[in-house]
Amino acid sequence: MDEVFVIVGAGLAAAKAAQALRDEGFAGRVVVIGDEADRPYERPPLSKGYLLGDQERAAVFVHGEDWYGQNSVELRLGSPAVGLDRAARVVELADGSRIGYTKLLLATGSTAKRAPGLSGVHYLRRLEDSDRLRAALETGGPVVIAGAGWIGLEVAAAARTRGCPVTVVEPAPTPLHAVLGPELGGFFADVHRGHGVEFRFGAQLSAVRDGVAVTSDGEEIAATTVVVGIGARPNTELAEKAGLAVDNGVVVDSGLRTEDPYIYAAGDVASVPNALYGKRLRVEHWGNALAGGEAAAKAMVGQDVVYDELPYFFSDQYDVGMEFAGFVAPGSYDRVVRRGEGTEFHAFWLAGDRVVAGMHVNRWDEGIGDVQALIRSRRAVDVSRLGDVSVPLSAH
């Protein structure tokens, strides 16, 4: 009997896994199960080019419509997986159908966190969300955004580009406070203020009513459109119901295998040990889905895989393009070294004399590849030379 590899989830990680299975010569049946009606697409355009209207709808899809048929990849869309019988190796779908598997990949992604008590607001996670928000921004009315993370800031940039007045409400003292720390959060605040965005730090949205958004300190802000971007949570429900280990994501080893030898996990939902940082990481960004889906597929066909990708993400806001690599959290670094000025610079997060994360803003001549190489080298650096733009990154 032919082997059947089932992929639960139909996002970027799933699409790249299906592609890699065929590229690696897997000749069995490949089934991709997703709860959305659309075939797999990439999510970054939803808050960038597609939301801005610079990108056509067809450009967001990972593969052309014919690719799946041409590569004998079955798409089971519009009916999510709701149960997993590990003993029988069967996936149960919401429409009542059951699909047996030889091996299974969980690529169920994540879901935007909901703000309790707020109704009539926009979230941005799916293509249909971006369609609705895009139409709302075309009205040109005032926009209030809860959350100054990457989604919040990118939506703010899109709204301002369309001429909408924008106010961002954020409980932390700077944008991106938990991601980049206060050192770089202030830079992004200044970028947005320079384009007319107003911030309300130290506050949250508490209510939305009659064209007004109300903050936790009682301020009322005119709002035709309210967007909530307060983070995401991994879609671990299927794994939990099946009794798989879950700890801020589905627990896997360095080969993306769960405790069940027939089940793997990749993308937003996977909690993966990272030797460089000595801890498990769950990464919600595009690069992880891109690389993780391929790595999982290779592991499923029996290759010896060690998934040790550095966390990576990018963002485009107005004329500011940035890329970040590595991992930082409160207490995980001692200082930040900035190299360059204005809107063209590098920033490096150091623990002792070792670079643990780095970012460039509009420095495409020494881009993220140079930053990644410096992090991976684990070399001790001279801080004064690291901050000197005349010293190439390759010299450290």
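Position 1 is the first residue of the sequence, and the numbers go up from there.
Between E220 and R209, at least one side-chain nitrogen of the basic residue sits less than 4.0 Å from a carboxylate oxygen of the acidic one, meeting the salt-bridge criterion.
The main-chain N or O of V306 is never found under 3.5 Å from a side-chain atom of S254 such that the two would form a donor-acceptor pair. Listed for the K298 side chain is no donor-acceptor partner under 3.5 Å among the backbone atoms of L21. Remark: side-chain polar atoms of R160 are paired, donor with acceptor, to backbone N or O of C164 under 3.5 angstrom. Between the side chain of D35 and the main chain of S79, no donor-acceptor pair closer than 3.5 Å is present. Panel note: side chain R280, backbone V252; a donor-acceptor pair is recorded below 3.5 Å. At distances below 3.5 Å, not a single donor-acceptor pair connects side-chain atoms of N235 with backbone N or O atoms of G9. Side-chain atoms of D2 never come within 3.5 Å of backbone atoms of R29 as a donor-acceptor pair (strictly under, hydrogens ignored). Proximity of a side-chain donor or acceptor of S332 to a complementary backbone N or O of V328 within less than 3.5 Å is not detected. No donor-acceptor pair under 3.5 Å is formed between the side chain of D370 and the backbone N or O of L393. Judged by distance alone, with hydrogens and angles left aside, the side-chain atoms of N71 form no donor-acceptor pair with the main-chain N or O of V73 at under 3.5 Å.
Ring to ring, W150 and F324 are not that close: their centroids are 6.0 angstrom or more apart. Ring centroids of F314 and W286 are separated by less than 6.0 Å, placing the two rings close together. Aromatic ring centres of H63 and F61 lie farther apart than the 6.0 Å criterion allows.
V337 and V391 are not part of a single hydrophobic cluster, where members link through side-chain heavy atoms under 4.5 Å apart. Under the 4.5 Å side-chain heavy-atom criterion for ILVMFWY residues, a single connected hydrophobic cluster contains both V197 and L133. Placement of L51 and V226 in two distinct hydrophobic clusters is found when ILVMFWY residues are connected by side-chain heavy-atom separations under 4.5 Å, directly or transitively. Hydrophobic clustering places V179 together with V355 (ILVMFWY residues linked when any side-chain heavy atoms are closer than 4.5 Å, directly or through intermediates). W67 and L77 end up in the same hydrophobic cluster when Ile, Leu, Val, Met, Phe, Trp and Tyr side chains are linked at under 4.5 Å.
Looking only at side-chain heavy atoms (C-beta outward), H122 and T225 come within less than 4.5 Å of each other. Using a 4.5 Å cut-off on side-chain heavy atoms (C-beta onward), Y318 and V191 make contact. L184 is not listed as a side-chain neighbour of L176, based on a closest heavy-atom distance of 4.5 Å or more. I151 places none of its side-chain heavy atoms less than 4.5 Å from the side chain of I145. For the pair L105/V6, no side-chain contact is recorded, criterion being any heavy-atom separation below 4.5 Å from C-beta on. L386 has its side chain within reach of L350: a pair of non-hydrogen atoms, C-beta onward, lies under 4.5 Å apart.
Rounded to the nearest 0.5 angstrom, L75 CG and I33 CD1 are separated by 10.5 Å. With values rounded to the nearest 0.5 angstrom, R126 atom CZ is found 10.0 Å from D38 atom CG. The distance from the CG atom of L205 to the CZ atom of R200 is 11.5 Å, given to the nearest 0.5 Å. In this structure, CZ in R162 is found 6.0 Å from CG in L137, a value given to the nearest 0.5 Å. The OG1 atom of T102 lies 7.0 Å from the CZ atom of R89; values are rounded to the nearest 0.5 Å. Rounding to the nearest 0.5 Å places CZ of R354 at 14.5 Å from CZ of F348.
Between Y41 and R43, the side chains place a donor N or O and an acceptor N or O closer than 3.5 Å (distance only, hydrogens not considered). At a cut-off of 3.5 Å, with distance as the only test, no side-chain donor of D253 or Y307 sits close to an acceptor on the other residue. Side-chain atoms of T236 and E240 include a donor-acceptor pair closer than 3.5 Å. A donor-acceptor contact closer than 3.5 angstrom links the side chains of D382 and S384. Under the 3.5 Å distance criterion, with hydrogens and angles disregarded, a donor-acceptor pair is assigned to the side chains of S110 and D268. Between the side chains of R282 and N248, a donor-acceptor pair is found at a separation under 3.5 Å. A side-chain N or O of E154 and one of S47 form a donor-acceptor pair less than 3.5 Å apart.
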request  = Show the numbers, then the answer: is there a salt bridge (Lys or Arg N to Asp or Glu O under 4.0 Å) between E92 and R98?
outcome  = CA-CA 5 Å; E92 302 168 4; R98 294 164 59 87; 3.0 Å; yes
key: From CA spacing to verdict: salt bridge (Lys or Arg N to Asp or Glu O under 4.0 Å), R22, E24   = CA-CA 5 Å; R22 292 306 187 214; E24 297 300 322; over 6 Å; no
task = Step by step, work out the side chain to side chain contact (heavy atoms under 4.5 Å, CB included) result for D353 and V383.
result = CA-CA 7 Å; D353 55 7; V383 173; 5.8 Å; no
task = Could you please spell out the steps behind the side-chain hydrogen bond (donor to acceptor under 3.5 Å, both in side chains) verdict for D260 and T258?
result = CA-CA 5 Å; D260 186 318; T258 70; 5.3 Å; no
task = Begin with the C-alpha distance, continue with both residues' side-chain angles, and end with the deciding distance and a verdict on side chain to side chain contact (heavy atoms under 4.5 Å, CB included) for V208 and V144.
result = CA-CA 10 Å; V208 176; V144 172; over 6 Å; no
task = For salt bridge (Lys or Arg N to Asp or Glu O under 4.0 Å), just list the numbers for R132 and D129, CA-CA rounded to whole Å, side-chain angles, deciding distance to a tenth of an Å, and then say yes or no.
result = CA-CA 5 Å; R132 286 192 291 265; D129 297 333; 2.8 Å; yes
message = For a side chain to side chain contact (heavy atoms under 4.5 Å, CB included) check, start with the C-alpha distance between T174 and L180, then their side-chain angles and the critical distance, and finish with the verdict.
response = CA-CA 10 Å; T174 69; L180 302 181; over 6 Å; no
ask   = Step by step, would you call L310 with R376 a side chain to side chain contact (heavy atoms under 4.5 Å, CB included)?
value = CA-CA 8 Å; L310 281 176; R376 284 195 177 280; 3.9 Å; yes
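Judged by a 6.0 Å distance limit and a 45° cone about the ring axis, R363 is not positioned over the six-membered ring of F345.
Residue pairs that meet the salt bridge (charged side-chain N to carboxylate O under 4.0 Å, His left out) test with at least one member in residues 139-151, sequence neighbours left out, do not exist here. Among pairs with a residue in residues 332-348, those fulfilling salt bridge (charged side-chain N to carboxylate O under 4.0 Å, His left out) read R339-E366, at least two apart in sequence or across chains. Listed by first and then second residue, the salt bridge (charged side-chain N to carboxylate O under 4.0 Å, His left out) pairs that reach into residues 163-192 are D190-R193, sequence neighbours excluded.
Ring-plane geometry between H360 and W364 is classed as perpendicular, the angle between the planes exceeding 60 degrees on a 0 to 90 degree scale with a lower cut at 30.
Residues that satisfy the ring pair (Phe, Tyr, Trp, His ring centres under 6.0 Å) test with F26, not counting sequence neighbours, are F5. Every residue two or more places apart in sequence or in another chain that forms a side-chain contact (heavy atoms from CB on, under 4.5 Å) with D131 is listed here: Y50, R57, L127.
Heavy atoms of other residues, nucleotides or ligands lying less than 6.0 angstrom from CG of D304 number 12 at most.
Other members of the hydrophobic cluster containing V214, listed by chain and number, are V212; membership follows side-chain contacts under 4.5 Å among ILVMFWY residues, whether direct or relayed.
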